[in-house]
2 protein chains.
Amino acid sequence: MNFGFKAILTTGQAPLYAQIRGHLLQRIALGLWKPGDLLPSETALADEFAVSQGTVRKALDGLVANNLVVRHQGKGTFVATHTPQRELFHFFHLVDQNFTRQMPETSRLISCQLRRGERHELHNLKLGSNAHVVVIRRVRRLYGKPVIMERIVVPSKLFPGLSENDNVPNELYHFFEKTYGVTIHKAIENIYATSANQETSLYLGLKQGAPVLGITRIAESLDGAPVEYRLSLCNTCAHTYMNEIV
Amino acid sequence: MNFGFKAILTTGQAPLYAQIRGHLLQRIALGLWKPGDLLPSETALADEFAVSQGTVRKALDGLVANNLVVRHQGKGTFVATHTPQRELFHFFHLVDQNFTRQMPETSRLISCQLRRGERHELHNLKLGSNAHVVVIRRVRRLYGKPVIMERIVVPSKLFPGLSENDNVPNELYHFFEKTYGVTIHKAIENIYATSANQETSLYLGLKQGAPVLGITRIAESLDGAPVEYRLSLCNTCAHTYMNEIV
DNA sequence: ATCCGAAATTCATATATAAGAGTTATAGGA
DNA sequence: TCCTATAACTCTTATATATGAATTTCGGAT
C-alpha cells in the first residue's frame, strides 16, 4: 500500500530519515500504532515512503534510542510497552543498601477522589482553571516496611472512571497504558529534603520532623502533554534515590 | 599509515563496527588520543582498518552517543572535553525555582589535605588498604548564598601534588582533565535526606537539625576505574535536584 | 585585500548481502 | 495413514560498501 508519501517528504529541508522519523513518531503518538503493535517491516515502510530500507532504518534508529520502539531480528519492530520491569528500571529509582531495585509491594490506598484541581496542580498539568483532577494517595512498602507516601494527580478527562476504581493496581503506568491508552514517555523529577509532618510521620512510621526525601514528578505522554503530577515523600533511612549519570 | 588491523578484526565474532569501536575506545582511554585532539578522518581510519568509511562511521556513532567524541562537518571528529558548560549540564543538577542551572560561584575552600584513606573511602574507590587519598572540603554558593558543602575524596596516586595546591579551581573535572589527564566519564549518585549537624548548619547558615539533601557520588574515569568519591550536603530551601527521565 | 575553486572533512542515501526466526513442504519411517 | 525430523523457503532485521552532497578550510589568481 503506497500512499505516495514522497510528496510529503520535502527535498530541500531536513534529511529524509529525519522527516520519516517525524511521521512514524506522529503515528505512534496518535495511537495509530499502539504499544505492543508490530510495525510494518522496514522494507514495507521503505516502499511507502519511496526510499531505501537503510533510510527507514536510520529513522527507526532514532525511535529505538528514545525507547519508543523495540527491534527483534527476524521478527520485526514493535511499539514499546510499559512492562513492570521497564517501569521499575526506568521510573523507579529507590534502591536499598546493596544498590538493587526492589519492586514496591502492595501499596495501601489511602484515597482516590475526583475534585477540582488546585492552582499549582492545574499549572503543572497545564490545565484550564476549572478542570477536574483525580487524586490518588497511597503508601508503598519495600521489604514489608512503609517507605513512600505518594500523592498522584492526573487530569480526570484523560482517565474517565478512575476515581470509582477501588483498587488501583501497583503498576500505575502499565495500567494507564492498558486501560486508558495513555503512554507515559518521559518525566522530570525535582528532589529536595524536608521534614515529616504529622500525617507523613504516621504513615511512614517516623518521628514527626524527621528528614524525608521529597520528589515531585511531572510526567509527559507521547505527545508531550503533562499527564501526571506526583509528589512522593520517602523515608531514606534504608534506601537512597539512585541516579546514573552517563 | 596502515597497521594491518584487519588481522586483529576477527571475522566470526562481533560485527566489524563493534570491534573497531572497541579499538577506538581503547585508544581514547589509554590517552593515545587526548581530550580536544583531532581524530584521523573517517576515511583514514577506514584505510587503517581496511573497511569502508561507513563502517568506521557506524563505530564512531557509538562513541558520539556516549559523549566520548564530537563531530563537526567539514572539520573533523574530536575527543570530547570537559568544558565548564558540559560540566554544568552533565554533572551539576541543582536548579533554582525557575528550573534553571546556575554555575556555582567561587567556592570557599575549607581544607585540602593528604591522609590515609578511611575504610569506606578505600572501598568506594577500590583502593588497597594502605592507599593515601586527597580530601578536599569546600563550600559552594549560588546567588551569593552558601548552598552546598562538599567533601571530595580522590586517590593521591592519580593526582600528585594536588594537596599542596592552595587554590583548587571551581571547575574540578576540567582541572582534573587538563592538569592530571584524568577524564571523568560517568558517575553514580545516591541521594537521601538527612539533618544538618553542627558544622554543616554553620557553613550553610541553617539551624542545627534542619533537613538537608545528601548526595554521594562515585565518578569513574574512561577506563572504568572509580576516581572520585564525593559527598555533597545541600540546602534545598531554594533549590532542587533536577533529574530528567527519558 | 577579495574572490574563487580545489581539497579535505563529515553527512546522507542507496544497494547488496548476511543473519535470525518462523512456516511450509517433503521425505522417511512406524 | 500418520507422525516426525529436516530441508527449503520467506519474511524479518542487521551489516557492509559505494557514491555523491553539504560544509569547512586554505591557497592561489585576480
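No experiment lies behind these values; they were computed from the predicted model shown. Here is the naming used below: chain letters follow the sequence lines, and residue numbers restart at 1 for every chain.
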OP1 or OP2 of D:dT17 versus the side-chain N and O atoms of B:Thr55: is any pair under 4.0 Å? yes
In this structure, is the centre-to-centre distance between the rings of A:His82 and A:Phe91 below 6.0 Å? yes
Considering residues at least two apart in sequence or located in another chain, which fulfil the side-chain hydrogen bond (donor to acceptor under 3.5 Å, both in side chains) criterion with A:Tyr192? none
Strictly by modelled atom types, are B:Thr43 and B:Ser41 linked by a side-chain donor-acceptor pair under 3.5 Å? yes
Can you sort out the partners of B:Thr77 under side-chain hydrogen bond (donor to acceptor under 3.5 Å, both in side chains), two or more places apart, ordered by chain and number? none
What's the closest nucleotide to the A:Leu16 side chain, out of C:dA14, D:dA16, C:dT13? C:dT13
Each nucleotide in nucleotides 6-13 of chain D should get exactly one letter: B, S or -. Can you fill that in based on protein heavy atoms under 4.0 Å? ------BB
Atom NZ of A:Lys58 and atom C1' of D:dT17: how far apart are they, to the nearest Å? 15 Å
Any side-chain N or O of A:Tyr17 less than 4.0 Å from the OP1 or OP2 oxygen of C:dT13? no
Tell me the interatomic distance from B:Phe49, atom CZ, to D:dT17, atom C1', rounded to whole angstroms. 17 Å
Expressed as a whole number of angstroms, how long is the span from B:Gln19:CD to D:dT15:P? 12 Å
Given B:Leu125, B:Val227, B:Leu162, B:Val133, the one that forms side-chain contact (heavy atoms from CB on, under 4.5 Å) with B:Val154: B:Leu162
When you measure from the side chain of A:Glu171 to the backbone N and O of A:Pro84, does any donor-acceptor pair fall under 3.5 Å? no
Using whole Å, what does the distance between atom C1' of nucleotide C:dT15 and atom CG of A:Asp47 come to? 14 Å
